[in-house]
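These values consider heavy atoms only, across backbone and side chains, with no hydrogens, waters or symmetry-generated copies.
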Amino acid sequence: MGVSTPILADSVRITGDGVDILDRRVYPFERRWVHCASLEDVAVAIERMVTQSSGPLFATTAGMTLAAREIAGSGPEAAEERLRAAGRRLIATRPTNNHIRDAVRAILAATVDGPLAGAPGEELAPAVAKAAAGHDAAYRAGARALGRHAAALLPDGARVLTHCWGDAYLVGAVQAAQESGKRLEFVCTETRPYLQGARLTAATLVEMGYRPTVITDGMVPSALADGLADVALTASDRVTMDGHVVNKVGTLAVALAAQAFGVPFYVLSHAPDPLSPGIADVEIEHRDGEEVLHVLGARSAAEGTRGYYPAFDATPPHLVTRIVTERGAFEPARVSDHFAAGPAPDGPGAEQAAP
């Protein structure tokens, strides 16, 4: 089986007149691109789930590049404030995932919070674009390093249960397994209410040469009891310094089932978040309950009902076997050791530092 790169790995593209984002709400049934002509368009696209998982990170760096274009003719004070405002707007779109926040902070650190403090817009624009591209490249390199560490945990022939869409993390792990000649099988939860697992994860695995099995979210305990999978592997939107894992709602149920049936539960994360010592420091996004009452644009619940939609849940450390970062695989209670492990050979280095 050859190593391939799926289309979702290149789903945000900067163009001459804006940013094009592959609409993950309709993929793979349609390959539709949403054109964003302004920073606000990008922010709305993130909020409306046009892009998900790693997609908001790439949309953020592209959005900051677009914001820099918009301030190109501004003086120093106005340019700086408008760039900071753009960053605040993007961070507010999906507050649980710290990748957006970290991307904004990295771009500002390389520009208005660093060597270009007080610079006019015409100087900031190319510098922001360079910093954004650098952050993208570092993220992708980190995902490849993370993937190698994850693949090392998967035995040849492993049957892997996934939840939600792991994007760059999952692709990195699968590619690393392919490069080492390991044969894997996959079971994907459909992941309500947007069916990211049934559409995005499954379609990407098919594109990479696999024939995954799709199950409903509620089938996880039964699937593990029946021996359908022997490893559970998920991504994460944030990992706290004490080892709590915040990820797409339903992840906690997967972890509980994995523990009940003796299945190792591995979590993929670039790094724990130094700004989140514990779970109390993480804002859990609650989305409109109406989203739960619909599937792919069609209402699926009876009229007169109400929906409840915490978009993420928190899995406590004792349910997690290992947290895999770009620097290695760590026991949850010792995930902070990530910062003492040294940068990955081709990773982003020390772009985050422990407090």
Side-chain angles (χ1 to χ4, degrees), residues 1-13 20-34 45-46 48-59 94 97 139-140 143-144 146-147 150-151 154 158-179 182-220 223 228-229 231-237 247-251 254 266 268 291 294-298 300 311:
M1 181 183 298
V3 178
S4 59
T5 300
I7 185 174
L8 288 180
D10 182 29
S11 61
V12 178
R13 299 173 180 175
D20 289 338
I21 302 177
L22 183 68
D23 193 341
R24 299 190 182 195
R25 298 169 302 182
V26 298
Y27 185 85
F29 312 117
E30 297 179 43
R31 293 197 177 186
R32 182 172 72 198
W33 294 79
V34 174
I46 297 173
R48 293 182 178 176
M49 302 285 280
V50 171
T51 188
Q52 303 149 20
S53 192
S54 295
L57 176 281
F58 300 123
R94 301 298 306 273
N97 188 313
Y139 183 90
R140 294 179 189 276
R144 291 192 295 271
L146 180 157
L154 303 176
R159 296 164 298 174
V160 183
L161 174 74
T162 69
H163 181 63
C164 194
W165 163 230
D167 213 335
Y169 296 169
L170 181 62
V171 169
V174 174
Q175 288 179 331
Q178 290 177 335
E179 289 168 355
K182 290 183 177 180
R183 299 160 298 148
L184 302 176
E185 297 179 18
F186 291 92
V187 178
C188 307
T189 62
E190 65 177 5
T191 326
R192 285 278 287 126
Y194 275 90
L195 306 186
Q196 296 104 317
R199 296 184 301 106
L200 308 181
T201 307
T204 294
L205 289 170
V206 169
E207 193 177 349
M208 297 181 78
Y210 299 91
R211 189 176 181 182
T213 298
V214 174
I215 62 174
T216 67
D217 296 13
M219 293 179 185
V220 172
L228 197 63
V231 174
L233 184 71
T234 74
S236 58
D237 285 82
N247 193 47
K248 170 69 182 177
V249 69
T251 301
V254 173
Y266 300 126
L268 310 181
E291 296 180 34
H294 296 77
V295 176
L296 302 183
S300 56

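Pro193 is not listed as a side-chain neighbour of Met49, based on a closest heavy-atom distance of 4.5 Å or more. Side-chain contact between Val220 and His163 is absent, with no heavy atoms from C-beta onward closer than 4.5 Å. At a threshold of 4.5 Å between non-hydrogen side-chain atoms, the residues Cys188 and Leu205 count as touching. At a threshold of 4.5 Å between non-hydrogen side-chain atoms, the residues Arg13 and Leu22 do not count as touching. Contact check for Phe186 versus Thr201: no side-chain heavy atoms found under the 4.5 Å cut-off. In this structure, Val295 and Arg192 have side chains that are in contact, with non-hydrogen atoms separated by less than 4.5 Å. No side-chain heavy atom of Thr204 sits under 4.5 Å from any side-chain heavy atom of Leu170.
We find the CD1-CZ distance between Ile7 and Arg31 to be 4.0 Å, quoted to the nearest 0.5 Å. Separating the CG atom in Leu268 from the OG1 atom in Thr234 is a distance of 6.5 Å, to the nearest 0.5 Å. Here the straight-line distance linking atom CG of Leu195 with atom SG of Cys164 works out to 11.0 Å at 0.5 Å rounding.
Across all their heavy atoms, Ser236 and Tyr169 have their closest contact at O-CE1, 4.0 Å. The minimum heavy-atom distance between Pro28 and Arg199, with the atom names listed, is CD-CB, 3.7 Å. Nearest heavy-atom pair across Ala177 and Leu184 is CB-CD1, 3.6 Å. The minimum heavy-atom distance between Ala168 and Tyr139, with the atom names listed, is CB-CE2, 3.9 Å. The minimum heavy-atom distance between Gly147 and Ala176, with the atom names listed, is O-CB, 3.5 Å. Ala311 approaches Arg94 most closely through the heavy-atom pair CB-NH2, 4.4 Å.
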Worksheet item: Run the side chain to side chain contact (heavy atoms under 4.5 Å, CB included) check on Lys248 and Gln52 step by step: do they pass?
Response: CA-CA 11 Å; Lys248 170 69 182 177; Gln52 303 149 20; over 6 Å; no

Worksheet item: Given the rule in the side chain to side chain contact (heavy atoms under 4.5 Å, CB included) test, do Glu190 and Met219 qualify, once you have shown the distances and angles that lead to the verdict?
Response: CA-CA 10 Å; Glu190 65 177 5; Met219 293 179 185; over 6 Å; no

Practice prompt. Evaluate the criterion side chain to side chain contact (heavy atoms under 4.5 Å, CB included) for residue pair Phe58 and Thr51; output intermediate values, then yes/no.
Written response: CA-CA 9 Å; Phe58 300 123; Thr51 188; over 6 Å; no

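By the side chain to side chain donor-acceptor pair (under 3.5 Å) test, Asn247 pairs with Thr251, sequence neighbours left out. The salt bridge (charged side-chain N to carboxylate O under 4.0 Å, His left out) check on Asp167 picks up Arg24, with sequence neighbours excluded. Residues meeting the side chain to side chain donor-acceptor pair (under 3.5 Å) test with Arg159, sequence neighbours left out: Asp230. Thr191 is linked by a side chain to side chain donor-acceptor pair (under 3.5 Å) to Thr189, counting only residues two or more places apart in sequence or in another chain. Scanning for side chain to side chain donor-acceptor pair (under 3.5 Å) contacts around Glu185 gives an empty result, with sequence neighbours left out. Evaluation of the salt bridge (charged side-chain N to carboxylate O under 4.0 Å, His left out) rule for Asp23 yields Arg25, Arg32 as partners, not counting sequence neighbours.
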